[in-house]
Amino acid sequence: MTPTTHSTRRMPLILATCGLAVLAACDEPLDFDLRGIGGGFTTAQAAQNATENRPRADNRGVISYPNYQVAVAKRGDTLADVANRVGLPANELGQFNGVETNVPLREGEIIALPRRVSEPSPATGAVTTGPIQPSGVDVTTLAGSAIDNAEPTPVTGSTPVALPQTGQEPIRHQVERGETAFTIARLYQVPVKSLAEWNGLGADFAVRDGQFLLIPVARVAAPARGAAAGSATTAPGQGSPTPTPPSATQALPQDDTGLPQEAEEIVNAPAADVGTVAAPKTSSEFSVPVVGSIIRPYSKGRNEGIDIKAAPGTPVNAAGAGTVAAITKSAEGIPIVVIRHAGNLLTVYANVIDVKVAKGDSVSKGQAIAALRDNANDAFVHFEVRDGFDSVDPSPFLEG
């Protein structure tokens, strides 16, 4: 599913304090460690919203992802300084980010690049090389390719092969008028402190209209205690129980060289076209935003939703009842609509035109909210379902 100064409203201290108390008392993840105001000490919410650290940039300040690149400003930088380091015209970089070329930047501030520059590598001071790959990538294969493509090195010294960095590509959000760091953090359910750290925001968390922000990536949860199959908790010093062999409780399977019935059905099944999206079976589930063909299925870390193609100009409908949480744009200026639903679910509709709703509007299931683009090659909607911060496969919501 990717992502000019915005002025924040300055309120009197007493109003700001009251506002924070109200926010801390609600179910949103903005608590500022007040522990729910009387709800008891708990770190559960903090653990749920823990985020990874921002990846390291190379000497130019470039962080590279498969679908976009950003630059990180250094202390004392102007936009012109960043442009000179990455090899882009200062005017082009300034226009893309809505910043004058001579305006001082904050240390660590993220600058979106309008087009790709040379990928990070040891030559540019990067610890790794190339764009950051999805976490599930086969590092062994990448290492083999890197060795095969490496230049011969003198016998007198050995240079370690730099592997591509792995990690999840963050959402890139472009700030709309009226949005603040707090509303954006609440929209994506990440700590505002993490949002500030990832994007080099100031102490007042001010953001600009049109500014591109990286949404911090959630930290992978630690494995549950005692998650191993058959594990049992024992008192200290009592030793660990010996697991019971499977053969003691279940007979060994018969010697059958054939595939299990389920495997045979999978292997012998005809190659399936990704197919046409069908309407959901019950009214309690999400309806498809567009009835058409899925041209790109969901793949965690690669495609965070599904792409559904139909005729140009086809209406794009809300998958379920909810409230329009945000209307933003991609790096190419194409609208993106985000709707919040019950149960902490969000649906995202990208690559659309002719948006018919506004932020804060209540929408009903099946209501037209936009349309597919006019060009036949681009006439598809990128549709995501997000459970809080994480993307999930939309198929179970659509197929029941």
Side-chain angles (χ1 to χ4, degrees), residues 1-11 16 19 23 28-30 49 51 54 63 65 67-73 77-79 82 92-101 103-114 169-217 304 323-340 346 348-352 355 357-361 370 382 384 386 389:
M1 341 154 354
T2 282
T4 299
T5 303
H6 180 73
S7 60
T8 55
R9 298 180 180 177
R10 301 183 179 276
M11 299 182 293
L23 289 175
E28 299 295 340
L30 186 61
N49 292 321
T51 58
R54 188 178 69 188
I63 301 175
Y65 291 101
N67 293 306
Y68 61 82
Q69 293 175 311
V70 297
V72 182
D77 269 351
T78 65
L79 199 75
V82 176
E92 180 183 359
L93 191 62
Q95 184 176 5
F96 190 72
N97 288 272
V99 180
E100 296 293 334
T101 58
V103 171
L105 302 173
R106 294 180 300 273
E107 182 178 10
E109 184 172 349
I110 289 294
I111 302 298
L113 303 186
E169 179 175 288
I171 298 171
R172 189 169 62 166
H173 179 93
Q174 189 173 25
V175 179
E176 288 277 309
R177 182 177 299 276
E179 289 184 321
T180 68
F182 295 98
T183 61
I184 294 170
R186 293 178 66 192
L187 171 65
Y188 293 101
Q189 301 211 355
V190 297
V192 69
K193 184 175 181 291
S194 295
L195 184 70
E197 291 172 347
W198 269 65
N199 294 279
L201 303 184
D204 58 355
F205 299 130
V207 294
R208 308 185 302 268
D209 286 349
Q211 179 178 0
F212 288 97
L213 298 178
L214 299 182
I215 305 303
V217 173
E304 302 294 345
T323 303
V324 179
I327 298 177
T328 182
K329 292 182 180 179
S330 67
E332 294 76 27
I334 308 302
I336 301 171
V337 180
V338 181
I339 298 178
R340 184 182 297 279
L346 296 172
V348 181
Y349 312 77
N351 197 49
V352 298
V355 176
V357 292
K359 181 179 178 180
D361 285 355
H382 175 76
E384 297 183 10
R386 290 187 171 264
F389 179 83

> Are the aromatic ring centres of Tyr68 and Phe212 under 6.0 angstrom apart?
Replying inline: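 Centroid distance Tyr68-Phe212: not below 6.0 Å, so no.
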From [atom1] ([X]) to [atom2] ([Y]), nearest 0.5 Å:
X: Arg106; Y: Asn199; atom1: CZ; atom2: CG; value: 9.0 Å
X: Asn97; Y: Glu92; atom1: CG; atom2: CD; value: 10.5 Å
X: Lys359; Y: Asp361; atom1: NZ; atom2: CG; value: 12.0 Å
X: Arg186; Y: Leu195; atom1: CZ; atom2: CG; value: 13.5 Å
X: Arg208; Y: Gln174; atom1: CZ; atom2: CD; value: 10.5 Å
X: Leu214; Y: Arg54; atom1: CG; atom2: CZ; value: 8.0 Å

Which heavy-atom pair separates [X] from [Y] by the least distance, and what is that distance?
X: Val70; Y: Ala112; answer: CG1-CA, 4.3 Å
X: Pro191; Y: Thr51; answer: CD-CG2, 4.1 Å
X: Gly178; Y: Asp209; answer: N-OD1, 4.5 Å
X: Pro170; Y: Val217; answer: CB-CG2, 3.8 Å
X: Ala326; Y: Glu179; answer: CB-OE2, 4.0 Å
X: Val324; Y: Ile327; answer: CG1-CG1, 3.8 Å

With a 4.5 Å limit on heavy-atom distance, are the side chains of [X] and [Y] in contact?
X: Leu113; Y: Leu93; value: yes
X: Ile63; Y: Val72; value: yes
X: Leu105; Y: Ile111; value: yes

>> Quick check on side-chain contact (heavy atoms from CB on, under 4.5 Å): which of Leu201, Ile171, Ile110 does Leu213 satisfy it with?
In response: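 So the option named by the test is Leu201.
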> Can you tell me if Gln211 and His173 form a side-chain donor-acceptor pair at under 3.5 Å?
Replying inline: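 Judged by distance alone, the side chains do not pair up.
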>> Can a side-chain donor-acceptor contact be found between Glu169 and Asn67 if the only test is distance below 3.5 angstrom?
In response: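 Distance-only check passes for Asn67 and Glu169.
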>> Using the side-chain contact (heavy atoms from CB on, under 4.5 Å) criterion, which residues pair with Glu107? Sequence neighbours excluded.
In response: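 Scan of Glu107 (side-chain contact (heavy atoms from CB on, under 4.5 Å), adjacent residues dropped) gives Arg75.
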> Considering residues at least two apart in sequence or located in another chain, which fulfil the side-chain contact (heavy atoms from CB on, under 4.5 Å) criterion with Leu346?
Replying inline: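 Expected list: Val338, Arg340, Arg386.
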> Do other residues, nucleotides or ligands put more than 12 heavy atoms under 6.0 Å from Lys193 NZ?
Replying inline: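 No, not enclosed.
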> With a cut-off of 6.0 Å (strictly less than), are more than 12 heavy atoms of other residues, nucleotides or ligands near CD of Glu197?
Replying inline: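 Yes, the 6.0 Å shell around CD holds more than 12 heavy atoms from other groups.
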